[in-house]
Amino acid sequence: RQIPDLIRYPVKKRFHLVQGRDKLSFPDGHEWLEQIDAAMHREDFNYLAVSAWAGKSCRDPFIVPNGVNTHIFRPTTKLSEIGKPRFRILVERSTDDPYKGFADAMSVVENIKKDSPIEIECISLQRDEIHPHPLVDRILVGTNDTTVNAAYGTADVVLKTTWFDGFGLPHLEAMAARRALVTTDAGGNMSFCENGKNCLITPTRDVQALTASVRQLLHDQPLREKLAHGGFDTAQQWSWERSAAHLLEAFDHAPATET
């Protein structure tokens, strides 16, 4: 059926899935900000948020975190086999939005390439035209999860430079693939990221701190392996079964919003 037809069906409980803080995508004074705020505080909806950070933007949310499919996202390469012949860093370019931090990642790469022989792979989730970048050695198109996992498997370090993120599922996928992760504090990813335990965390948009963290891992193999193993252990705790349990609990305890 068409969506207008479905809207006419009576429901006892209605839910709005909140996957981030949409207001951060718009400048101060934008005409949509009031509409977004109103949509996040309606009385005729229950709210499901993918993280406590995302949930701060809406009324009384139920937290239903994302989960990672550890049958697909899993180690494919032994840690002792990577880093040869060159240290390899994987970055992501999912959209052209500046808040994804791709420009920051390229600034980090430029800094490190000045004195270290590294190789840069960029995985893109865009199926349209992909523009080459002079600092990127190879571009991979992640058309499915298996391809993305294979890309993680060839990296010594996965670099995530997002300014804000509702949850940060790609971070968790990299952990599940047992890769060392350098990430910004993007909000939602702090649900599972722990500095020095399963990743290295820097402030957002801090190219100097990001560069220092990547350099640290470049020269410290024991730390790389510690973070990779810590991330792998973390990812095992964030299964889809766990997410489903949170969702069912929300369905059971949410008040009726019948209209």
Side-chain angles (χ1 to χ4, degrees), residues 73 75-163 165 168-184 186 189 193 199-221 223-225 227-228 231:
F73 291 96
T76 56
T77 310
K78 295 180 180 179
L79 292 174
S80 60
E81 296 175 352
I82 61 176
K84 302 172 183 179
R86 285 190 175 187
F87 190 84
R88 183 173 293 170
I89 300 171
L90 180 70
V91 300
E92 179 184 315
R93 187 171 190 173
S94 57
T95 72
D96 291 325
D97 294 325
Y99 68 82
K100 289 298 184 180
F102 182 73
D104 297 336
M106 291 300 96
S107 295
V108 171
V109 167
E110 184 175 18
N111 291 339
I112 295 176
K113 275 198 169 187
K114 292 176 182 177
D115 51 35
S116 300
I118 61 173
E119 185 175 297
I120 304 301
E121 287 192 341
C122 176
I123 186 163
S124 175
L125 305 183
Q126 296 174 299
R127 289 181 173 83
D128 53 359
E129 183 178 0
I130 300 173
H131 301 287
H133 192 285
L135 294 173
V136 174
D137 297 290
R138 187 161 69 128
I139 297 175
L140 305 173
V141 180
T143 54
N144 57 63
D145 287 346
T146 302
T147 302
V148 175
N149 184 66
Y152 287 136
T154 64
D156 295 276
V157 168
V158 177
L159 176 61
K160 300 290 186 181
T161 52
T162 313
W163 298 354
D165 213 325
L169 184 57
H171 302 65
L172 203 57
E173 293 170 348
M175 290 182 178
R178 204 170 58 203
R179 299 299 94 178
L181 174 68
V182 173
T183 180
T184 52
N189 63 330
C193 288
C199 64
L200 295 182
I201 302 170
T202 77
T204 57
R205 308 183 70 176
D206 191 335
V207 171
Q208 183 175 359
L210 285 163
T211 301
S213 292
V214 174
R215 276 210 174 102
Q216 183 179 3
L217 294 184
L218 175 63
H219 300 293
D220 191 338
Q221 181 177 349
L223 180 58
R224 289 202 310 270
E225 294 185 359
L227 298 180

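None of these values were measured; they are calculated from a predicted model.
The structure places CG of L140 at 9.5 Å from OG of S124, a figure rounded to the nearest 0.5 Å. Atom-to-atom distance recorded for R224:CZ and F87:CZ is 5.0 Å, nearest 0.5 angstrom. Atom CD of E92 sits about 3.5 Å away from atom NZ of K160, to the nearest 0.5 Å.
Of the possible donor and acceptor atoms, none in the side chain of H219 sits under 3.5 Å from a partner among the backbone N and O of Q216. Looking at D165, its side chain never comes within 3.5 Å of a backbone N or O of A186 through a donor-acceptor pair.
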In sequence, state the C-alpha distance, the side-chain angles, and the governing distance for V214 and I89, and then conclude on side chain to side chain contact (heavy atoms under 4.5 Å, CB included).
CA-CA 9 Å; V214 174; I89 300 171; 3.6 Å; yes
In sequence, state the C-alpha distance, the side-chain angles, and the governing distance for D104 and S107, and then conclude on side chain to side chain donor-acceptor pair (under 3.5 Å).
CA-CA 5 Å; D104 297 336; S107 295; 5.5 Å; no
Yes or no on side chain to side chain donor-acceptor pair (under 3.5 Å) for T211 and N111, after CA distance, side-chain angles and deciding distance?
CA-CA 7 Å; T211 301; N111 291 339; 3.1 Å; yes
R179 and V157: side chain to side chain contact (heavy atoms under 4.5 Å, CB included), yes or no, with the steps?
CA-CA 6 Å; R179 299 299 94 178; V157 168; over 6 Å; no
Under the criterion side chain to side chain contact (heavy atoms under 4.5 Å, CB included), I'd like the reasoning laid out for L227 against L223: C-alpha separation, chi angles, the key distance, then a yes or no.
CA-CA 6 Å; L227 298 180; L223 180 58; 4.0 Å; yes
Mind running salt bridge (charged side-chain N to carboxylate O under 4.0 Å, His left out) on K113 and D137 for me, showing each step along the way?
CA-CA 12 Å; K113 275 198 169 187; D137 297 290; 3.4 Å; yes
Kindly indicate, with the supporting measurements, whether the criterion side chain to side chain contact (heavy atoms under 4.5 Å, CB included) is fulfilled by I118 and R88.
CA-CA 6 Å; I118 61 173; R88 183 173 293 170; over 6 Å; no
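At a threshold of 4.5 Å between non-hydrogen side-chain atoms, the residues V136 and E121 do not count as touching. Put simply, the side chain of L159 does not reach to within 4.5 Å of the side chain of L90, judged on heavy atoms. Within the 4.5 Å cutoff, no side-chain heavy atoms of L217 are placed close to those of D156. When side chains are defined from C-beta on, K100 does not count as touching W163, because their heavy atoms never get closer than 4.5 Å. By the 4.5 Å heavy-atom criterion applied to side chains, F102 and T161 are not counted as neighbours. The shortest distance between side-chain heavy atoms of R138 and I120 does not fall below 4.5 Å.
Of all non-hydrogen atoms in T183 and C193, the two that sit nearest each other are CG2-SG, 4.2 Å. Nearest heavy-atom pair across F73 and V148 is CE2-CG1, 3.9 Å. The two residues M175 and G231 have their closest heavy-atom pair at CB-O, 3.2 Å. Residue L135 comes nearest to E110 through the heavy atom pair CD1-CB, 3.8 Å, listed as atom of the first residue, atom of the second, then distance. Minimum interatomic distance between Y152 and P170 (heavy atoms only, all atoms of both residues): OH-O, 3.2 Å. Contact detail for N144 and T147: the closest heavy-atom pair is OD1-N, 2.8 Å.
N149 and T76 share no side-chain donor-acceptor pair at under 3.5 Å.
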Would you list the atom pairs, donor with acceptor, under 3.5 Å between side chains in residues 200-209 and any protein atom, with sequence neighbours excluded?
| from | atom 1 | to | atom 2 | distance (Å) |
| --- | --- | --- | --- | --- |
| D206 | OD1 | Q208 | N | 3.4 |
| D206 | OD1 | A209 | N | 3.0 |

